[in-house]
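For reference, the structure is listed below as structure tokens.
Protein chains get the first letters and strands the later ones, always in sequence-line order, with residue 1 at the start of each. As a basis for the values below, the full set of heavy atoms in this structure was taken, side chains included, without hydrogen atoms, waters or symmetry mates.
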Protein chains: 2
Amino acid sequence: MKRTDSILQSLRQDGHRITKARKALIEALQRTHQPVAALELHARLSKSKVTADKVTVYRELKFLADIGVVHPVHLKDNIQRYELAPESGHKHHLVCTECKTVKDVEMACADLHNLERNIGKKSNFTVRGHSLEFYGLCSRCA
Amino acid sequence: MKRTDSILQSLRQDGHRITKARKALIEALQRTHQPVAALELHARLSKSKVTADKVTVYRELKFLADIGVVHPVHLKDNIQRYELAPESGHKHHLVCTECKTVKDVEMACADLHNLERNIGKKSNFTVRGHSLEFYGLCSRCA
DNA sequence: GTCTATGCAAAGGCTTTGCAACCTA
DNA sequence: TAGGTTGCAAAGCCTTTGCATAGAC
């Protein structure tokens, strides 16, 4: 079953409704392989046949984040972005400071988990998660 | 020589003026051992004898960031914070999701530099820097 | 006196809230 | 039909800009 369909099905099971806007948003998120901001997503939908209000996009993204379908992504420009949650764990990103594109990093968190444990012990802090992004130049901008 | 003084001196050498607001801001930043948002800093100054306009705080922080005296810090709430730049390198943070306090991590970037190199090679991306924060519970909130 | 830095007002950009109308189940 | 969703308008927040004035050197 395709990712979109399984998401829609689980939404339905939880008593949520499958509206045109919701479906279009999830599909758009799936087509995108980068974290997207609400306004970006709204602009993309505007060019397609199924449109949705700006506010709907904000609300839907927040809703999808609440139920874990998308993950919030925070980059240096302080604009809230979201990306479809991966099957397990979470992603890290390579952000090109030149063209602003974002690439996923092929990297397990395993290395970081060790780090987390050590830090937790040393600092007497219960680490629950982390946020890691790399900034630099993509191959085209280098 | 104290940190504040050496900053002020280097500002003076570069032709910048030492105003009451500027001095108070730098001193407040030094007293703070956490990243601070402009409005937070403004509020703190408001309670002291030397006050400064909100806009002045915003402008001054941006200015200090441009010349490298402070470093911008990005947390999950998408509010711009700044902290006094350490003597060398940059800091990582432990953010308590409960009480929102931020603690510095005692950690060299060395481990990450290896990671950066590997990632750069694998992804054909020139890594210039990174952003890493840990989220969890501080000792008081755990 | 010169020119940077400041304060105030206003605007800008992203995001949230309120509420009536709509549409899915 | 009932209640989750949507759209529109308006407000909220953080942040930036413009411009005249104040103040450091």
Can you tell which of C/dT17, D/dT17, C/dG7 lies closest to the side chain of B/A52? C/dG7
Return the set of residues passing salt bridge (Lys or Arg N to Asp or Glu O under 4.0 Å) with B/R44 (not counting sequence neighbours), or none when no residue passes. B/E40
Along DNA chain C (nearest heavy atom to each residue), the more 5'-positioned of B/K20 and A/A37: B/K20
From CD of B/Q9 over to P of D/dC25, roughly how many Å is that when rounded to an integer? 13 Å
Strictly below 4.0 Å: does B/Y58 bring a side-chain N or O up to OP1 or OP2 of D/dT16? no
CD of B/Q80 versus C1' of C/dT15: gap in Å, rounded? 17 Å
Would you say B/H16 places a side-chain N or O within less than 4.0 Å of OP1 or OP2 belonging to C/dA5? yes
Evaluate whether atom CD of A/E98 has more than 12 neighbouring non-hydrogen atoms of other residues, nucleotides or ligands under 6.0 angstrom away. no
When rounded to whole Å, the CG to C1' distance for the pair B/D53 and D/dA20 reads 14 Å
Any N or O donor-acceptor pair linking the side chain of B/R12 to the base of D/dC25 at under 3.5 Å? no
Minimum heavy-atom distance between B/K76 and A/H74, given as atom pair plus value: O-CE1, 2.8 Å
Is a donor from one side chain sitting under 3.5 angstrom from an acceptor on the other, for A/H130 and B/H92? no
Rounded distance in Å - NZ (A/K23) to C1' (C/dC23): 16 Å
Taking atom C1' of D/dT16 as reference, at what distance in whole Å does atom CG of B/L39 sit? 13 Å
Checking the side chain of A/S48 only, and the main-chain atoms of A/V50 only, is there a donor and an acceptor separated by less than 3.5 Å? yes
On DNA chain D, compare the nucleotides closest to B/Y82 and A/R22; which residue's is nearer the 5' end? A/R22
A/I79 CD1 to C/dG13 C1', straight-line distance once rounded to whole Å: 8 Å
Please figure out whether A/T19 or B/T56 has its closest DNA chain C nucleotide nearer the 5' end. B/T56
Nucleotide D/dA24, atom P - distance to CD of B/E60 in whole Å: 14 Å
Taken to the nearest whole Å, CZ/B/F63 to P/D/dT17 is 16 Å
Side chain of B/R17 only, heavy atoms from C-beta on: which candidate in D/dT15, D/dC25, C/dT24 is closest? D/dC25
Below 3.5 Å, does any donor atom in the side chain of A/R59 face an acceptor in the base of D/dG7, or the other way round? yes
